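Okay, so here's the structure we're looking at.
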Amino acid sequence: MQPLPRSFYERHPAVVAPALIGKLLVRELDGELLAGRIVEAEAYSSEDPASHSYNGMTERNRAMFGLPGHAYIYFSYGMHHCMNVTSRLDTDAGGVLIRALEPVLGIETMRRLRGREKLTELTSGPGKLAQALAIDRALYGVDITEAGPLFVAEPAEPGTPVQVAATPRIGISKAVELPWRFVEAGSRFISCPPRR
DNA sequence: TCTCAGATTAACT
DNA sequence: GTTAATCTGAGAC
């Protein structure tokens with residue numbers, strides 16, 4: 001399981017986000033490996049009014065202004081954690097929100113952490129996948145380019161090429177027209193199906 | 001199957 | 001004081 005190199009993240013978030021579709025998000029928890037294929041991701045960059053990094057650096061978002069390839073985790077709506085990987089080009093400050101996974105490893109542990117049985121309800125949303133992988137602010141700023149408690153890796157088997165579709169982002173009120181949500185076409189595991 | 005409001009914290013005005 | 005990169009269960013239909 002080979003982590004993706006730093007250079008992968010030294011690009012604009014709108015380039016990194018579609019490239020992450022089909023990669024593995026890996027969580028090591030108490031010696032057990034939990035992993036899922038990324039099937040949905042959204043790009044946020046500093047010139048984007050919907051991004052937390054739009055209005056400059058704060059205590060919460062400082063990770064997005066740091067080295068690319070780290071975890072930016074924030075607490076949302078008073079109850080959910082959401083996970084981003086930081087990515088940026090030169091002076092940009094941005095990240096990619098991991099919105100949904102296809103469970104691969106440690107599925108029983110995910111079921112226990114989520115209190116749900118159905119495979120499609122384990123990680124089909126940013127708050128859900130954070131709960132399924134036990135991701136919280138203790139992992140803030142973790143380097144995801146080296147094996148550790150949390151990292152992103154190339155899938156063991158290359159498999160078939162991934163079909164990526166671009167759609168408008170979910171749950172935001174600004175810059176709704178930017179097609180910066182990327183999903184694996186036809187996946188059953190994304191947070192909400194593209195409109196037919 | 002669909003719509004709706006509650007939960008609960010932190011950032012920002 | 002208001003809003004937010006969300007999820008869930010309840011009640012309507």
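Fair warning: this is a prediction, and the values are worked out from it, not measured in the lab. As a basis for the values below, the full set of heavy atoms in this structure was taken, side chains included, without hydrogen atoms, waters or symmetry mates. Here is how names work: the chains are called A, B, and so on, in the same order as the sequence lines, proteins then strands, and each is numbered from 1.
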Output the rounded distance in Å from [atom1] ([X]) to [atom2] ([N]).
X	N	atom1	atom2	value
A/Trp180	C/dA5	CH2	C1'	14 Å
A/Ile73	C/dA5	CD1	C1'	14 Å
A/Tyr54	C/dT3	OH	C1'	17 Å
A/Ile172	C/dA4	CD1	P	11 Å
A/Phe75	C/dT6	CZ	C1'	11 Å
A/Arg169	C/dA5	CZ	P	10 Å
A/Glu121	C/dC7	CD	C1'	11 Å

Distance under 6.0 Å and angle within 45° of the ring axis: does A/Arg11 meet both against A/Phe8?
yes

Cation over ring face, A/Arg137 and A/Phe75, 6.0 Å, 45°
yes

Could you name each residue pair satisfying ring-ring contact (aromatic ring centres under 6.0 Å, His included) that touches residues 92-129 of chain A, not counting sequence neighbours?
none

Smallest separation among heavy atoms of [X] and [Y], with atom names:
X	Y	answer
A/Arg114	A/Ala132	CG-CB, 3.6 Å
A/Ala166	A/Pro179	CB-O, 3.8 Å
A/Leu101	A/Pro103	O-CD, 3.7 Å

C1' gap between C/dT3 and B/dA5, integer Å
16 Å

Same-atom distance (P) from C/dT2 to B/dG6, integer angstrom:
15 Å

What do the steps show when you test A/Leu25 against A/Leu129 for side chain to side chain contact (heavy atoms under 4.5 Å, CB included), and what is the final call?
CA-CA 10 Å; A/Leu25 179 65; A/Leu129 75 88; 4.3 Å; yes

Any donor-acceptor N/O pair, A/Arg27 side chain to A/Glu32 backbone, under 3.5 Å:
no

When you measure from the side chain of A/Tyr140 to the backbone of A/Arg60, do you find a donor-acceptor pair of N or O atoms at a distance under 3.5 Å?
yes

So the contacted stretch of DNA chain B, first to last nucleotide with an atom under 4.0 Å from a non-hydrogen atom of chain A, runs from B/dA7 to B/dC12

Here the residues of residues 84-105 of chain A within 4.0 Å heavy-atom distance, strictly under, of DNA chain B are none

Taking for each residue the nucleotide of DNA chain B with the nearest heavy atom, is it A/Arg137 or A/Met79 whose nucleotide lies nearer the 5' end?
A/Met79

Does the pair [X]/[Y] count as a salt bridge with the N-to-O cut at 4.0 Å?
X	Y	answer
A/Glu184	A/Arg37	yes
A/Glu121	A/Arg116	yes
A/Asp48	A/Lys174	no

Mind checking if A/Tyr77 touches a base, just sugar-phosphate, or nothing, with heavy atoms under 4.0 Å?
base

Residue pair A/Ser191/A/Ser173 against DNA chain C: nearer the 5' end by closest nucleotide is A/Ser173

Answer whether the closest heavy-atom distance between the side chains of A/Met83 and A/Pro126 falls below 4.5 Å.
no

Where DNA chain C forms stems, i.e. three or more consecutive Watson-Crick or G-U pairs with both distances under 3.5 Å:
B:1-7 with C:6-12, B:9-12 with C:1-4

Got a sec, which pairs hit side chain to side chain donor-acceptor pair (under 3.5 Å) with one end in residues 76-92 of chain A, sequence neighbours left out?
A/Ser46-A/Asp92

Within residues 107-119 of chain A: residues closer than 4.0 Å to DNA chain C (heavy atoms):
A/Arg114, A/Arg116

Just N and O in the side chain of A/Lys128: are any of them under 4.0 Å from OP1 or OP2 of C/dT8?
yes

